[in-house]
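Structure first, then comments.
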Amino acid sequence: NCSITYFTLDPKETGGKVTPPVTLRGEQLRHEPHPTFLGVTLDDQLTFSAHIESLRSRMAKRRQCLQALAGKSYGAKRKTLRTAYISYVRAIFDYGAAVFHSHAAPTSRNLLEIEQHKCARAITGCLRLTNSKALLTEAGLPSLSTRAKQLTATEVSRFKRLPEDDPTRQAFATAPTPKLVYRGRGTWLKTRADAARTGKPEPEPPDRDVAALSHKPCTRRVGEWMLKKTGISDAPVEPVIICSPTPPWERHPNRTSFNLDLPEKTRRTDPPEKRRLAAQRAIAALPTADVTIWTDGSSKGSDAVGGGGALLHINREQRTVEVTVPAGVACSSTAAELAAICAGLDAALALPAETLQEHHHILLLTDSKTSLQRLSRGRWAQSSKRHLEVWDRLSRLSDQGIHTTMQWVPGHAGIDGNEAADALANLAADSTDQDTIPLDLMAARTAVSRVGRAWTKADSRRHPHPSPTPGLDSLTRRGQVIISQLRVGRSPLTREILHRIGRAADPWCPNCGEPEVETTRHLLAECPAYISARRSLWGGPLPTLASVLEGDAALVLEYLWRVGRTEPPVDAAAADPPAGGSA
């Protein structure tokens with residue numbers, strides 16, 4: 001079963017033109033032009049075209065299952081379809097995308113984008129006439145190119161945090177001189193020059209890296225470029241923990257307990273007074289603490305600058321201690337909270353020895369349930385340095401015979417201690433020592449996601465009405481399809497679209513005396529024949545198209561029913577079904 005593959009940059013040697021014989025134990029090895037390694041199909045120039053074609057075929061097969069659930073009248077709702085797509089179809093793209101998508105040519109990448117567009121049409125019910133970027137915005141999906149670049153930057157960021165002797169980090173630390181120019185960029189530059197010479201609009205690049213990279217992209221080059229876009233490429237990094245230094249058979253100190261809920265269940269949507277009273281009852285039911293620590297983390301600003309604050313009540317001495325600590329740039333709220341917890345425990349450990357000897361119980365209260373859930377798994381289950389630092393402090397307190405209770409409390413509920421810790425955290429976030437704080441992998445991932453969301457938001461400008469329509473998710477599948485088609489401006493309920501797909505002889509509105517193209521805007525906001533229906537539903541003055549589509553979705557369906565547009569106004573002579581239906 002052994003085979004051999006040759007990798008080369010020389011086009012004269014590609015495609016099996018040169019295959020020197022190689023023998024193993026006297027037998028010549030078979031030449032394999034497209035070997036599969038760890039689920040990724042390779043080729044001799046690492047263009048990954050064969051892998052992308054295989055991936056496109058697998059995505060298409062899985063898309064058929066999605067389409068079976070996406071009937072216009074009987075299908076699942078779009079929220080369910082979107083979840084099914086992400087977990088069942090896009091999941092196979094995510095595997096290895098940090099490698100193969102970076103090396104692939106724009107034309108190969110576009111094959112996968114087309115598959116996602118077909119899935120997005122199944123999710124929304126939109127027609128093939130819909131602009132691709134508007135279609136993805138309506139489906140709530142980023143482009144696969146944006147998704148792949150986020151995965152690439154996250155992987156490169158993780159490689160930088162590996163141990164220095166790790167082969168992967170050593171390989172990526174080496175930056176060879178690029179040899180191959182980016183042919184996709186050259187083609188785009190030529191097209192742009194031709195457009196400028198003829199006075200045509202400047203064409204968009206086929207991908208964002210085409211306009212940014214002069215040499216052939218690869219995982220390292222794309223990842224580094226993406227990290228520069230986030231502004232954290234030169235920031236100090238916090239190493240990842242490959243395995244916990246504490247073996248799993250060593251349990252966490254039995255003097256630490258975690259309470260992740262309140263005895264009285266509350267919701268975030270409950271009034272602050274109800275949540276505050278529930279928290280106070282939970283605290284009153286706990287054993288009397290010698291030291292009470294309130295902690296909170298803050299992440300704010302465009303750079304997500306973080307800070308942590310801790311307020312200590314030394315109950316025996318009737319005094320308080322305030323602690324602030326910077327948490328770094330591109331900081332998540334969880335990372336800021338962990339910094340605050342560490343600072344609070346450090347302040348407790350820094351108390352005089354004679355004071356600590358008199359203390360037997362410390363109560364730490366935080367509004368970050370995510371932090372406590374991760375910490376409650378035990379020290380051996382932690383893979384983050386900040387989580388291990390918290391456990392180090394808990395162990396030191398336990399060694400001194402002090403029991404620590406970690407209690408969750410609801411945030412922004414008017415609890416005095418929590419509000420005071422929040423003020424300290426905001427003060428810490430404004431400190432000037434942020435650039436010296438190492439960034440953990442979670443913070444890097446958050447920063448990369450922020451750039452990806454900005455790109456997706458920029459793409460959404462091609463959508464005629466990117467603002468959401470309230471109540472859309474609660475409609476039936478048929479109602480969701482109708483509203484989505486109207487939102488993107490490509491609805492078969494209008495004569496304009498029926499004429500384009502050959503189901504109507506002309507695009508004119510049948511109710512206007514003079515020829516007027518019946519667009520979505522005309523149907524919903526301008527046709528004089530439907531003024532009374534619009535006024536009865538939306539009142540006066542008459543609504544604009546934006547106000548209609550940004551209002552209650554059920555009212556739009558009611559309006560269509562009143563004006564008799566529940567079905568496309570197809571001409572009797574048009575017998576063929578519309579091209580590019582909702583599926």
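FYI, the numbering just counts along the sequence from 1. Since this is a predicted model, take the numbers as computed values, not measurements. Any value given below was found using the heavy atoms of this structure, including those in side chains, with hydrogens, waters and symmetry copies removed.
In this structure, Arg450 and Thr230 have side chains that are not in contact, with every pair of non-hydrogen atoms separated by 4.5 Å or more. A heavy-atom distance below 4.5 Å is not found between the side chains of Arg185 and Leu213. Using a 4.5 Å heavy-atom cutoff, the side chains of Arg208 and Trp455 are in contact. Considering only heavy atoms from C-beta on, Asn131 stays 4.5 Å or farther from Val488 through its side chain. Looking at Met442 and Ser384, their side chains never come closer than 4.5 Å, going by heavy atoms from C-beta outward. At a threshold of 4.5 Å between non-hydrogen side-chain atoms, the residues Pro206 and Asn110 do not count as touching. A 4.5 Å side-chain heavy-atom check between Asp207 and Lys149 finds at least one atom pair inside the cut-off. Contact of the Thr41 side chain with the Phe48 side chain is not registered, since no non-hydrogen atoms from C-beta on lie closer than 4.5 Å.
Among Glu224, Glu155, Lys160, Arg220, the single residue meeting the side-chain contact (heavy atoms from CB on, under 4.5 Å) criterion with Phe172 is Arg220. Put simply, the residue from Arg90, Arg62, Arg63 that forms a side chain to side chain donor-acceptor pair (under 3.5 Å) with Glu115 is Arg63. Results of the side-chain contact (heavy atoms from CB on, under 4.5 Å) test with Arg478 over Leu475, Val481, Thr476 single out Thr476 as the only residue that passes.
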Full working for side chain to side chain contact (heavy atoms under 4.5 Å, CB included) between Ile92 and Met59 | CA-CA 8 Å; Ile92 60 176; Met59 290 178 68; 3.7 Å; yes
Worked verdict on Thr47 versus Ile52 for side chain to side chain contact (heavy atoms under 4.5 Å, CB included) = CA-CA 9 Å; Thr47 63; Ile52 287 179; over 6 Å; no
Tell me, with the steps shown, if Arg490 and Cys126 meet side chain to side chain contact (heavy atoms under 4.5 Å, CB included).
-> CA-CA 7 Å; Arg490 297 291 185 270; Cys126 292; over 6 Å; no
Asp473 and Arg78: side chain to side chain contact (heavy atoms under 4.5 Å, CB included), yes or no, with the steps?
-> CA-CA 8 Å; Asp473 292 335; Arg78 65 187 219 160; 3.8 Å; yes
For Lys17 and Asp44, what are the C-alpha separation, side-chain angles and deciding distance, and is it a salt bridge (charged side-chain N to carboxylate O under 4.0 Å, His left out)?
-> CA-CA 11 Å; Lys17 299 171 185 174; Asp44 51 12; over 6 Å; no
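Enclosure of atom NZ in Lys216 by more than 12 non-hydrogen atoms of other residues, nucleotides or ligands within 6.0 angstrom is indicated. Annotation: Arg183, atom CZ; neighbour count of heavy atoms from other residues, nucleotides and ligands within 6.0 Å does not exceed 12. By the neighbour-count criterion of 12 heavy atoms within 6.0 Å, atom CG of Asp234 is sparsely surrounded, having that number or fewer from other residues, nucleotides or ligands.
One finds the NZ atom of Lys61 at 10.0 Å from the CZ atom of Arg56 (value rounded to the nearest 0.5 Å). Rounding to the nearest 0.5 angstrom, the gap separating the CG atom in Leu472 from the CZ atom in Arg487 is 7.0 Å. One finds the CG atom of Leu66 at 11.0 Å from the OG1 atom of Thr80 (value rounded to the nearest 0.5 Å). The distance from the CD1 atom of Ile123 to the OG atom of Ser484 is 10.5 Å, given to the nearest 0.5 Å. A distance of 9.0 Å separates OG of Ser491 from CZ of Arg565, quoted to the nearest 0.5 Å. The line from CG of Leu141 to NE2 of His117 is 9.5 Å long, rounded to the nearest 0.5 Å.
Glu337 places a side-chain N or O within 3.5 Å of a backbone atom of Gly297 that can act as its donor or acceptor partner. Side-chain atoms of Asp209 never come within 3.5 Å of backbone atoms of Ala212 as a donor-acceptor pair (strictly under, hydrogens ignored). Under the 3.5 Å distance criterion, the side-chain polar atoms of Glu496 are left unmatched by any main-chain donor or acceptor of Thr520. No donor-acceptor pair under 3.5 Å is formed between the side chain of Ser57 and the backbone N or O of Ser54. For the pair Thr469 (side chain) and Leu549 (backbone), a donor-acceptor distance under 3.5 Å is present. At least one donor-acceptor pair under 3.5 Å links the side chain of Thr5 to the backbone N or O of Glu32. In terms of modelled atom types and a separation under 3.5 Å, the side chain of His34 and the main chain of Asp43 share no donor-acceptor contact. Of the possible donor and acceptor atoms, none in the side chain of Arg109 sits under 3.5 Å from a partner among the backbone N and O of Ser145. At distances below 3.5 Å, at least one donor-acceptor pair connects side-chain atoms of Gln116 with backbone N or O atoms of Pro142. The main-chain N or O of Leu545 is never found under 3.5 Å from a side-chain atom of Arg521 such that the two would form a donor-acceptor pair.
Applying the ring-ring contact (aromatic ring centres under 6.0 Å, His included) test to every pair with at least one member in residues 119-154, sequence neighbours left out, gives no pairs at all. Judged as a ring-ring contact (aromatic ring centres under 6.0 Å, His included), not a single pair has a partner in residues 134-154 (not counting sequence neighbours).
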Return all side-chain donor-acceptor pairs below 3.5 angstrom for residues 97-108, not counting sequence neighbours, or 'none' if the list is empty.
from   : atom 1 : to     : atom 2 : distance (Å)
Ser102 : OG     : Ala98  : O      : 3.2
Ser102 : OG     : Thr152 : OG1    : 3.3

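Shortest non-hydrogen contact noted between Glu238 and Pro438 is N-CB, 3.9 Å. Between Arg477 and Gly125, the shortest heavy-atom distance links the atoms NH2-N, 4.1 Å. Between Leu81 and Ala70, the shortest heavy-atom contact is CD1-CB, 3.9 Å. Residues Gly551 and Pro470 share a closest heavy-atom pair of O-CD, 3.2 Å. Smallest separation of non-hydrogen atoms from Pro203 and Ala195: CD-CB, 3.9 Å. In plain terms, the two heavy atoms of Leu439 and Ala235 that are nearest each other are CD1-CB, 3.9 Å.
Side-chain atoms of Arg161 and Ser157 form a donor-acceptor pair, as typed in the model, at a separation below 3.5 Å. Thr137 and Lys133 share no side-chain donor-acceptor pair at under 3.5 Å.
At least one cation-pi condition fails for Arg221 and Trp225: the charged atom is not both under 6.0 angstrom from the six-membered ring centre and inside a 45 degree cone around its axis.
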